[in-house]
Every structure is written in C-alpha cells, then in structure tokens.
Amino acid sequence: MPNVRITLPDGTAREFPEGVSGREVAQAIGPRLAAEALAARVDGRLVDLSTPIETDAPVQIITPSSPEGLEIYRHSSAHLLAAAVLELFPDAHPGVGPPTDTGFFYDFYREKPFTEDDLAKLETKMQELVQADLPYERVYFPKGEGLRLFQQKGEFLKCQLIEEKAEPVFSAYRTGKFLDFCRGPHIPSTGRVKAFKLLSVAGAHWKGDEHSYPLQRIYGTAFFSKKDLDEFLAKIEEAKKRDHRRLGKELDLFSIQDEAGPGLIFWHPKGGIIRKEIEDWLRTELQERGYDLVFTPHAMRLHLWEISGHANFYRENMFGPMEVENDKYQLKPMNCPGHILIYKSHTRSYRELPLRLAELGTVYRYERSGVMHGLLRVRGFTQDDAHIFSMPDQVEREVQDCIEFAFLVLKTFGFDRYEVELSTRDPRNPEQYAGTIEEWELAEGALKKTLERMNIPFKAMPGEAVFYGPKIDLKLVDAIGRPWQLTTVQFDFNLPRRFGLEYVGSDGRLHTPVMVHRALFGSIERFFGVLIEHYAGAFPLWLSPVQAAILPISEKHLGYARQVAEELRAAKLRVHLDDRNEKLNARIRDAQLQKIPFMLVVGDREAQSKTVSVRRRDTGDAGAKRLDEFKGWARELIDSRATKW
RNA sequence: GCCGGCGUAGCUCAGUCGGUAGAGCAACGGUUUCGUAAACCGUAGGUCGGGGGUUCGAUUCCCUUCGCCGGCUCCA
C-alpha cells in the first residue's frame, strides 16, 4: 500500500499507509493525544477521527484545547439531545441543531410543547446515552435514496434541508435512533460528552421566518469539565443578580408602568440623579469639544419626514402620525432632520465648519410588542445625538475626535474593554447605496485610516454598512464580559442631498457638506441599563444617588448627626440621615442593600472628637476619620469621578 | 408580531380538586435607645391584571384582552 506524508503542526512530517485515520495518527504520536482527540483537521478541513486520509496533507488533531474542539463537542451534544428527544418523544420532528457561542440548541416541530419537566427527563435520557457510549456514525446516501429514507421517517423539515442543500451524495450521522443530515464532523462517541445541561425551551420559527412552522427550541450547554460547566452556570446566576430590571426596582431607580404603556421609562428620583450626573458631565465635555447644544421639537410635520425619507424607509419603526388642524404631524424617531433644519436656517460659510450640533434628543420608535426589554430596548429614549457638518478634508479629524470622545466615555464610566467594528459597503451591490463611489471611498478611507492611525484593532464588516453611509460601531464589554453596542459614528450621504445642504466655500461657490452622525452613549436609557449591570447597582461615588448614610447610634446622637449631615451637604455631598427608630444593625443592613458607598456611624465617641466612623459598602468598617478629613476625601473622589477607591 | 410560560397585598411568594384568600418583608401606631448586615408588640392593606362566558356560586374552568418573562425576528 502506498504511503501518505502527514505534516504535523510543529512542522515534522511522518509517513503513514494511505487511508490512515486521524485516530491512528494521534495514536502514533502518543496515547495521551489519542485519548484527548476529538476530530482532525486535514488539509484545512475538519473531519472525523475515523475519516481515512488518502493524500499527503497537513494534519492537526483537534482536542479540547482548540477552539474548534468545543464547537464540535457542542454540536455533538446537540445530536445527543436530539437522540434523547426521539427516544422519549417520537412525535418530535427535528429541525436544525447547531452549536452557539455559549452552548447549543436543537429545534423541533411538535404539537405538544416541551415542559421544564421534559427537560429533566431528557437530561436523564442523555446521561443514559452517554453511558451507552454510542458512536457518532457517519453514513453516506445518494440524494434520492436519502430523501426517501427521511420521508419515510416523516422528518419533513430535514427533507426540506436535504432538497435545498444536499450534494448528490450527502453525509449523515447516526446516533442511536437519531439520524441527522449533517456535514459533521463529530466526536467519536457519546461517552466523550462529560458535562452538559439543558437550560430552557423557547419558541422559534423554521428558518427564522415568523410565517413558517413554529418550532420549539431546546437550549443547552456543554463543557469538557464539570468545573467549566459550573462556572458557566454561576455566571448565569451572576447575570441574574445584576439584571437591571430587578436592581432598578430594588434600588428604586426607574419603572415601566402598565398604565402608561410598554417600553416607556419613568425615571425615579434616584435614577434621575444618576441621569443628571451623566448629562452634566456630557454637556460640559460637549462644550469643551466645540459642540453647540441645540433643542428641537418632538413632533414635526409629516412632510419633513417625507423629505428625509423616513416616512418611507423608516415607517415600520415610527409611531403613526397625528392629525393637527388638517395637517399631519410625526413624533420624531430621529434627531437628524431637526438638526438639518437648523443648519439650513441660513446660508452657511466654510468658515463655520465643522458645525457640530448636539442634542440630548428624545425620540420615539415603534417596537413590536415582545421585543421590549427593560431599559435596553424601549419605545421612547434619549440619544446623546450629534450631527457634524464638515468639509471633506476636515472629516478625518472629526472622526478621530469622536472616537477619542467615545474612549473618554468608557474610561469615565469605568469600562476598560471594548470592541470596534468597521462596517463598509458591499462592493458587489453598488446600486443599493446612496452617494457616489468617490464619497464612499472618502468616507470609508477616513474611518479606516483613523482607526489605523489610532492603532485601534477593529473587525472589518464588509457589506454591513447602512445604505446611507459607512460606520464605526464601538461595543463596550462589561464587568462580566458581555458586549454592548452603544457608540456609533456614521456617515450620511443621503440627507445632505435630500435636503440640499450647502455651504459657500473659499472659492465662493456652493458645496455639499459631509455629514457625520454620532452617538456616544447611544441611548441614555440603554447606557443606564448597562451601567446598572456593570456595577451591579454599586455605582461609583460620583454617580451614587445617596453618597453617604449617616447613622446615629441612638436618639441622643441626633444632634451631632444633623451637624454632620449639614456640613456634608454644604460640601455638595448627597447624604441621607437615617434617623429611623431601628437598631444600628438594621440600618446598616438597609444602607448596605441600597449599595450606599459610605455609612457614617456617629455616637458618643464621634460627637466628642468631631469624627465619623466610616463603613465602606465593599470592605466594611474602615475606622474613624475626622469629619473634615472624610469630607475632603469624598469630595476628591467625586470630583475625580473615581470608579475605585 | 410569532411560539412557549406567567399575572394573588408596595415587594417576594403560598393557597383554593369551584364555596369571595394567607405568610414574610415594607407601611402605619406603640414599646425599646441600641457600636458595624434584620429588636418586640400591634394595626391596616387584596373587586386574586381587565372584560365576557359556564355555574346556585368563579381567584380557581372556558373565551378574549392587556401586561410581564424566555426565545424568534429586529435594533440605540
């Protein structure tokens, strides 16, 4: 038998008989690798360990330590789930079951819904199948024959997939009773699945099309070790504890009320303080950076939205227009047209550019019921919006300033990780975009060059640009590693043209300005939600609604406590004197649960020495401090907007 | 909007195989005057999300509607 030459990742090459499998290669390298091996990469393609290698090729053995390893493992776990489902619920018709970032799911069509109890039963069955150590057996079918087989099994969803996607001879995987049209690869057998859990059952639609079959999606996750699984489950628990909807209620920050309608936010006094601090900071920064603050109406003639094009392409996201004196008015879903009208209010000279109009603009967008989510997805929200009108040669500088501003936001609010995406046009479909090729090249070049010049790693997203221009999106990553899209910087070639924007250049002629739309926080509501979750409600001192709780030991100490409160208030600290007739322990507990940064205990000792006993919410008793010393310290923390102390 | 689950006191939840509901915390009144995460006693509080139907009788069963939760889809 002829030999094949296998090149391993370390560059060494070895000869094997033709038709050698990945498993045999692994065995030849070492028993440890053989035991860990899940699949193989042969000449760039992922294949089963059992797949014969017919030609000279580079070969890499996939193990749990490679990222593809986990993906394959979870994909196989999804098959294991489907096998268990078919054992217990023969009336279920499998749809698709891929791995995801956090686990896997499998979709089924079935008349009766799955229940939580069913999940427990399925887990038990999956355990049994793991014990049975069933192989993931790869089989091949000619398309016609395979199709008939799946038809006989009544698996109409699979049949549809085969018809659409299958090669003339396609592969399938058999695991117990479950046979799946699947490209693979898979792990060798179910016995290799170590730690998994079914998490939830939810509705889905065949191919994501809401008019197609309603399916039931069973979500699960799988890890190589119980430890990893437990860590993941603990993270889910942690996320639940941080849920801004729950904290918003517990800390009395905001509410959403049935009587008012879904997706509409009521900022309570404590949330209001935080918003005011955010906005005050932002306004100061805007002014320092040469933005002009403007205000525009919340409802404007529908005609305006016809000019802008929103009435057409954005109609699905707008509240319906309202009749006023035989005219129609539209609640604004965006701020751009308002800013454009200000731009157009008189002839602009190149000397005025770049003109940066900023507004904390409250907009209303119609969101389908069922998509609202706390503060993160709402129907009324305030954008920290700005539109920059500039000359083409100024635009790179403006983009850079926006990005730097966005970084300042991250730093100020205590985020140290972020991801950047550059969305550009799809060069294959030039006709679907507004603006000329030259404009697009200028804009994309400006965005890309800026990122490169600033040494910012970014993910290129070709084809992801919106029709009116390319954009940079910045996602921040929160304390427990979740990304949130907030900042966006986008070019707009559409509106300047539609509204006929112009400026008089130094040449005395009329030119069309470049328009950049940007929001840093995105929406104040969403940003607030992210902040709550990031800090788990324990805000930095400068944002805390109550910065210090003053706790007199008994009624006797009320006099001194009032003095302390007054002095701190005079230094512009937000303090709360808790003079309730409760035990000190109870009041400490309440302050602690309210995540108040400092508790100041005052009794005889403190009154005598003009001190306060400081308790920190994070580390507890911090000992006595002179009142003026504490005041100075707190003031400094606030003024520097410290996120840690 | 679609699929599934769920709406009981301000909050967290129990309960009724159909006979108009109960706890803890919060609130209020009193007692207690306290040194770093829950003092004690008492009072009040609910047309059991809204509407309709079945029934002698509905919080419970059915229909419908609103809202919430988990997804799908979409997005700041």
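As a basis for the values below, the full set of heavy atoms in this structure was taken, side chains included, without hydrogen atoms, waters or symmetry mates. Numbered from 1 within each chain, the chains take letters A, B, ... in sequence-line order.
Closest to the A:Lys583 side chain, of the nucleotides B:U36, B:G70, B:A39, is B:A39. For A:Arg245, whose side chain is taken as the heavy atoms from C-beta onward, the closest listed nucleotide among B:U73, B:C2, B:G70 is B:G70. The side chain of A:Leu593 lies closest to B:A37, out of B:C72, B:G70, B:A37. The nucleotide whose nearest atom lies closest to any side-chain atom of A:Tyr219 is, among B:G1, B:A76, B:C72, B:C72. Minimum atom distance to the side chain of A:Val371 is reached by B:U73, of the listed B:U73, B:U36, B:A76. Checking B:G35, B:G1, B:U33 against the side-chain heavy atoms of A:His205 singles out B:G1 as nearest. Here the side chain of A:Gln592 is nearest to one of B:U73, B:C74, B:A37, namely B:A37. When distances run from any side-chain atom of A:Ala202 to the nucleotides B:C34, B:C72, B:G70, the shortest one goes to B:G70. Of the candidates B:G67, B:C34, B:U36, the closest approach to any side-chain atom of A:Val601 belongs to B:U36. Proximity note for A:Ser200 (side chain, C-beta onward) versus B:G70, B:C74, B:C72: the nearest is B:G70.
Here, B:G35 and B:C28 have their C1' atoms 28 Å apart, quoted to the whole Å. On the C1' atoms, B:U59 is 41 Å away from B:A76, given to the nearest whole Å. For the P atoms, the distance linking B:G24 with B:A9 amounts to 16 Å, nearest Å. The same atom, C1', is picked in B:U8 and in B:U47; the two are 13 Å apart, to the nearest Å. B:G29 and B:G70 have their P atoms separated by 39 Å, given to the nearest Å. Of the C1' atoms belonging to B:G51 and B:A14, the separation is 28 Å, rounded to the nearest Å. The same atom, P, is picked in B:G45 and in B:C17; the two are 27 Å apart, to the nearest Å. As rounded to the nearest Å, B:G50 and B:A39 have C1' atoms that lie 43 Å from one another.
Heavy atoms of other residues, nucleotides or ligands lying less than 6.0 angstrom from CD of A:Gln160 number more than 12. No more than 12 heavy-atom neighbours from other residues, nucleotides or ligands sit within 6.0 angstrom of OH on A:Tyr213.
An OP1 or OP2 oxygen of B:G70 is reached within less than 4.0 angstrom by a side-chain nitrogen or oxygen of A:His373. At the phosphate of B:U73, neither OP1 nor OP2 sits under 4.0 Å from any side-chain N or O atom of A:Lys207. The side chain of A:Arg379 places no N or O atom within less than 4.0 Å of a non-bridging phosphate oxygen (OP1 or OP2) of B:A76.
Taking atom CZ on A:Phe114 and atom P on B:C72, their separation rounds to 17 Å, with Å as the unit. Whole-Å rounding puts the A:Tyr213 OH to B:G4 C1' distance at 20 Å. Rounded to a whole Å, the CZ atom of A:Arg580 is 13 Å from the C1' atom of B:A37. Rounded to whole Å, the distance from CZ on A:Arg377 to P on B:G1 is 13 Å. A:Leu376 places its CG atom 12 Å from the P atom of B:G71, with the value rounded to the nearest Å.
Using N1 to N3 plus N6-O4 or O6-N4 for Watson-Crick, or N1-O2 and O6-N3 for G-U wobble, each under 3.5 Å, B:G45 pairs with nothing. When both pairing distances are held under 3.5 Å, B:G22 makes a Watson-Crick or G-U pair with B:C13.
Nearer the 5' end of RNA chain B, as judged by each residue's closest nucleotide, is the contact made by A:Asp243, out of A:Phe381 and A:Asp243.
Between A:His75 and A:His79, the ring planes are perpendicular. Angles over 60° get that label, and only those under 30° would be called parallel. A:Tyr314 and A:His310 have perpendicular rings, their planes meeting at more than 60° on a 0 to 90° scale where under 30° would count as parallel.
Among the atoms of the strands shown, only primed sugar atoms or phosphate atoms (P, OP1, OP2) are found under 4.0 Å from some heavy atom of A:Asn585. Here A:Asn317 lies out of heavy-atom contact (under 4.0 Å) with every strand.
Contact of A:Arg368 with B:C75 (side chain to base): no donor-acceptor pair of N or O atoms is detected under 3.5 Å. One donor-acceptor pair, N or O on each side, does fall under 3.5 Å between the base of B:G35 and the side chain of A:Ser613. With hydrogens and angles ignored, no donor-acceptor pair under 3.5 angstrom links the side chain of A:Glu259 to the base of B:G50.
Applying side-chain contact (heavy atoms from CB on, under 4.5 Å) to A:Phe108 and the options A:Asp91, A:Val96, A:Val201, A:Ile218 leaves one that passes, A:Ile218.
Note on A:Lys270 versus A:Asp252: no salt bridge recorded, every NZ/NE/NH1/NH2 to OD/OE distance being 4.0 Å or above. Using a 4.0 Å cut-off between charged side-chain N and carboxylate O, A:Lys207 and A:Glu164 make a salt bridge.
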